[in-house]
Amino acid sequence: MDWILSENVEELKKMVLKEGWLVESLFNQVINALKERDEKASVEVLKKENEVNLMDLKIREKALIILSTMMPMSKNLRMVTGSFIISGYFQEIAEKTTDIANMVLELIKEPQLKPLITIPEMAKISIEMLRESMRMFADNNIYGAETICEKDADIDNFYDEIRKELMVYMMEDPKYVKRALILLEISQKIEEIADLATKIVEATSYIITGKQYKCFKDKLHTIDSLEKDGGAS
């Protein structure tokens, strides 16, 4: 029976990775659509939303079957429950990606407000964080987790820079407000996707080590260490 359980857990993991690769591809595609003001590419992203939803449903169904019929223990149990959770994060990323696609479609109806430099740079780091968190999950290796948490600081800095710049445009002329607000909302979605990448890191770290982790102040901590520091303060 052990080999049957192992095969099913491995199949579940592959299903989650397949979902992750699709989500990463869609995120990349929508950022390119933003840069190129590409209506067709944005629409194609929107058409893929149901595919991600279906993948998530199949993963949840597979995980529940394993839990109810095979009674996994220890690391296998963590892999099953962790896969369930990570798939949910991928679905959230897909939802935010389709939100961006809708905003791109709205944005390209208007003249370009400004050349896009900072937002694509911010998105590039988010994509790297997502890809690296997936590598951790695929390789079953916690190495690199700290780096992903640290990159979240860069995302926060980019977002602050973008917000300040767009505020200047909005104060300069009311006709810029709509476009500036859309760009600000896109930036916020990118920041939220980066946050979800750190949550994938936390879930993967738990699967591997059996300890609960949290990206806090751009560092990876065990929950126990955070509680001790809190108690000490």
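Every value quoted in this text rests on a predicted model; they were computed, and no experiment measured them.
- Both the sub-6.0 Å distance and the 45° axial angle are not jointly satisfied by R179 relative to the ring of Y169.
- E61 CD: 12 or fewer foreign heavy atoms inside a 6.0 Å radius.
- Here E11 does not pair with K14 in a salt bridge; the nearest charged N to carboxylate O distance is not below 4.0 Å.
- The main-chain N or O of A153 is found under 3.5 Å from a side-chain atom of N157 such that the two form a donor-acceptor pair.
- Residues E92 and T97 form no side-chain contact, since every pair of their non-hydrogen atoms from C-beta on lies 4.5 Å or further apart.
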Evaluation steps, side-chain hydrogen bond (donor to acceptor under 3.5 Å, both in side chains), between K62 and N8 = CA-CA 8 Å; K62 180 75 172 177; N8 275 272; 2.7 Å; yes
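- The hydrophobic clustering, which links ILVMFWY residues whose side-chain heavy atoms are closer than 4.5 Å, places M15 and I4 together.
- Placement of I148 and Y143 in two distinct hydrophobic clusters is found when ILVMFWY residues are connected by side-chain heavy-atom separations under 4.5 Å, directly or transitively.
- Of all heavy-atom pairs spanning I155 and M122, the tightest one is CD1-O, 3.4 Å.
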After noting the C-alpha distance and the side-chain angles of D152 and T198, does the key distance pass the side-chain hydrogen bond (donor to acceptor under 3.5 Å, both in side chains) rule?
-> CA-CA 8 Å; D152 203 37; T198 65; 5.1 Å; no
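- Between S205 and Y213, the closest heavy-atom pair is CB-CD1, 3.5 Å.
- Linking Ile, Leu, Val, Met, Phe, Trp and Tyr whenever their side-chain heavy atoms come within less than 4.5 Å puts I207 and L67 in one cluster.
- The CE atom of M170 lies 9.5 Å from the CG atom of L113; values are rounded to the nearest 0.5 Å.
- Smallest separation of non-hydrogen atoms from S133 and A197: CB-O, 3.7 Å.
- Distance check: N102 CG to E106 CD gives 9.0 Å after rounding to the nearest 0.5 Å.
- Contact annotation: the side chain of L105 approaches that of V43 to within less than 4.5 Å [non-hydrogen atoms, C-beta and beyond].
- Note on D160 versus K164: no salt bridge recorded, every NZ/NE/NH1/NH2 to OD/OE distance being 4.0 Å or above.
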Where do K58 and E19 land on the salt bridge (charged side-chain N to carboxylate O under 4.0 Å, His left out) test, with the steps shown first?
-> CA-CA 10 Å; K58 288 182 176 179; E19 181 188 19; over 6 Å; no
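- Taken from CG in D156 to CD in E191, the straight-line distance is 5.0 Å, to the nearest 0.5 Å.
- At least one donor-acceptor pair closer than 3.5 Å links the side chain of T81 to the backbone N or O of L77.
- By the 6.0 Å contact criterion, NZ on K114 is enclosed, its count of non-hydrogen atoms from other residues, nucleotides or ligands being greater than 12.
- Under the salt bridge (Lys or Arg N to Asp or Glu O under 4.0 Å) criterion, K47 pairs with no residue, sequence neighbours left out.
- Taken from CD in Q188 to CG in D99, the straight-line distance is 10.5 Å, to the nearest 0.5 Å.
- Here SG of C215 is found 11.0 Å from CD1 of I200. Values are rounded to the nearest 0.5 Å.
- Residue E39 qualifies as open at atom CD: its count of foreign heavy atoms under 6.0 Å is 12 or below.
- Formation of a donor-acceptor pair under 3.5 Å by the D173 side chain with backbone atoms of Y176 is not found in this model.
- Residues S126 and F27 meet the side-chain proximity criterion, which asks for heavy atoms closer than 4.5 Å.
- When all heavy atoms of Q112 and L116 are compared, the closest pair comes out as NE2-N, 4.1 Å.
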Mind running side-chain contact (heavy atoms from CB on, under 4.5 Å) on E51 and L22 for me, showing each step along the way?
-> CA-CA 9 Å; E51 187 174 341; L22 175 58; 3.7 Å; yes
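- N76 contributes no side-chain N or O that, together with a main-chain N or O of P72, makes up a donor-acceptor pair within less than 3.5 Å.
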What's the verdict on side-chain contact (heavy atoms from CB on, under 4.5 Å) for K48 and E44, showing C-alpha distance, side-chain angles and the deciding distance?
-> CA-CA 7 Å; K48 292 283 188 178; E44 287 175 356; 6.0 Å; no
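- Note on M167: it clusters hydrophobically with V177, by side-chain heavy-atom contacts below 4.5 Å among ILVMFWY residues.
- Closest approach of I100 and I186 over heavy atoms only: CG2-CG2, 4.2 Å.
- Using a 4.5 Å heavy-atom threshold, the side chains of N32 and D38 count as separate.
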Run the numbers on K214 and K199 for side-chain contact (heavy atoms from CB on, under 4.5 Å), then give the verdict.
-> CA-CA 8 Å; K214 180 74 176 175; K199 288 184 179 297; 4.3 Å; yes
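- No side-chain heavy atom of F84 sits less than 4.5 Å from a side-chain heavy atom of L12.
- Side-chain atoms of T222 and Q212, non-hydrogen and from C-beta on, never get closer than 4.5 Å to each other.
- Put simply, the side chain of T209 does not reach to within 4.5 Å of the side chain of Y206, judged on heavy atoms.
- Distance NZ/K96 to CG/D195: 9.0 Å, rounded to 0.5 Å.
- Pairing each heavy atom of I86 with each of T204, the nearest pair is CD1-OG1, 3.6 Å.
- The environment of CD in E121 is crowded: more than 12 heavy-atom neighbours from other residues, nucleotides or ligands sit within 6.0 Å.
- A salt bridge links K151 to E132: one of the charged nitrogens lies within less than 4.0 Å of a carboxylate oxygen.
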Please step through side-chain contact (heavy atoms from CB on, under 4.5 Å) for the pair F137 and V16, ending with a clear verdict.
-> CA-CA 9 Å; F137 179 70; V16 175; 3.8 Å; yes
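- Hydrophobic clustering of Ile, Leu, Val, Met, Phe, Trp and Tyr side chains at less than 4.5 Å, counting indirect connections, unites V52 with W21.
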